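Here the structure comes first, spelled out in structure tokens, and everything after it is commentary.
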Amino acid sequence: DYLWAYVVQEGDVFKKPNGEVLKLFPGDLLRMTYDKKNPYSCSVEELGYMYTPVRIATLSDDGETLHKIQPHFDEMKEKALNTTGKQPMCCGLGSCCMTPDELVEMQLNNLSETQIWVTPPKPPTAQTIDHL
């Protein structure tokens, strides 16, 4: 299997199988796994897995100031606090039978408030990879 990450460009449009347009913005990442042996083939039929890691906030260099990145920050906060009352997917949490209040209580008691992802250095160019 080959793993790919695509940086969304201005004008890109991505749709779910049902036709719903994904809310992605230039600079967002689209992470994909293709179930295949040929790294140069990227057909939709061979797409095995896809998700979009999004940056929701950054810290200032001194680590004191949080800079929220919208709309991702508010979307994550809404889902974490479940302010809409919608039931989330279980994803191993067993939350599908919980009330909104029980879900918030479970999240506050069991899930970390702090998650940090440090961006790795710039990846090598395609030309460099082809000559490995």
Side-chain angles (χ1 to χ4, degrees):
D1 295 351
Y2 286 91
L3 311 176
W4 297 96
Y6 176 75
V7 179
V8 176
Q9 306 296 309
E10 187 72 42
D12 284 346
V13 177
F14 297 93
K15 295 180 181 181
K16 294 181 181 181
N18 67 3
E20 180 184 345
V21 175
L22 295 174
K23 287 193 276 184
L24 298 174
F25 303 92
D28 286 350
L29 294 176
L30 189 62
R31 199 285 211 184
M32 299 161 280
T33 297
Y34 287 96
D35 300 325
K36 62 183 173 134
K37 302 298 179 207
N38 180 356
Y40 298 101
S41 173
C42 305
S43 71
V44 174
E45 293 78 26
E46 294 174 325
L47 183 61
Y49 189 69
M50 181 174 73
Y51 65 89
T52 54
V54 294
R55 187 176 355 186
I56 60 167
T58 59
L59 283 174
S60 60
D61 289 338
D62 62 9
E64 297 295 322
T65 306
L66 179 72
H67 302 283
K68 299 173 186 174
I69 298 174
Q70 300 295 355
H72 300 313
F73 184 89
D74 285 344
E75 289 174 355
M76 184 275 312
K77 182 178 177 183
E78 179 181 300
K79 288 176 184 175
L81 296 175
N82 197 18
T83 56
T84 64
K86 294 179 184 175
Q87 289 296 341
M89 293 173 45
C90 286
C91 296
L93 296 176
S95 62
C96 54
C97 297
M98 293 181 179
T99 67
D101 289 338
E102 290 170 333
L103 179 63
V104 169
E105 186 67 25
M106 183 274 299
Q107 289 176 327
L108 292 175
N109 289 326
N110 298 298
L111 301 178
S112 173
E113 296 176 348
T114 305
Q115 297 182 17
I116 298 175
W117 178 48
V118 178
T119 305
K122 184 177 178 181
T125 65
Q127 183 179 12
T128 302
I129 293 172
D130 285 343
H131 289 91
L132 290 177

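Quantities reported herein were computed from a predicted structural model and do not represent experimental measurements.
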(request) Any chance you could lay out the side chain to side chain contact (heavy atoms under 4.5 Å, CB included) test for V7 and L29, step after step, and finish with the verdict? (result) CA-CA 5 Å; V7 179; L29 294 176; 3.7 Å; yes
(request) Would you check, one step at a time, whether the test side chain to side chain contact (heavy atoms under 4.5 Å, CB included) holds for I56 with K68? (result) CA-CA 6 Å; I56 60 167; K68 299 173 186 174; over 6 Å; no
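With hydrophobic clusters built from ILVMFWY side chains whose heavy atoms lie under 4.5 angstrom apart, F25 does not share a cluster with I69.
At a threshold of 4.5 Å between non-hydrogen side-chain atoms, the residues T33 and R31 count as touching. In this structure the side chain of P71 never reaches within 4.5 angstrom of the side chain of K23, judged on heavy atoms. Side-chain atoms of L59 and T65, non-hydrogen and from C-beta on, never get closer than 4.5 Å to each other. Using a 4.5 Å heavy-atom cutoff, the side chains of E75 and Q70 are not in contact.
When the ring-ring contact (aromatic ring centres under 6.0 Å, His included) test is applied to F73, no partner is found at least two apart in sequence or on another chain. A search for side-chain hydrogen bond (donor to acceptor under 3.5 Å, both in side chains) contacts involving D61 returns nothing, not counting sequence neighbours.
To the nearest 0.5 Å, atoms CD (E20) and CZ (F14) are separated by 15.0 Å.
Surrounding CD of E10 are at most 12 heavy atoms belonging to other residues, nucleotides or ligands under 6.0 Å away.
Its side chain within the 4.5 Å cluster rule, V21 clusters with V13 among the Ile, Leu, Val, Met, Phe, Trp and Tyr residues.
Between Y6 and the choices D28, T52, D12, L24, the side chain to side chain contact (heavy atoms under 4.5 Å, CB included) rule is met once, by D12.
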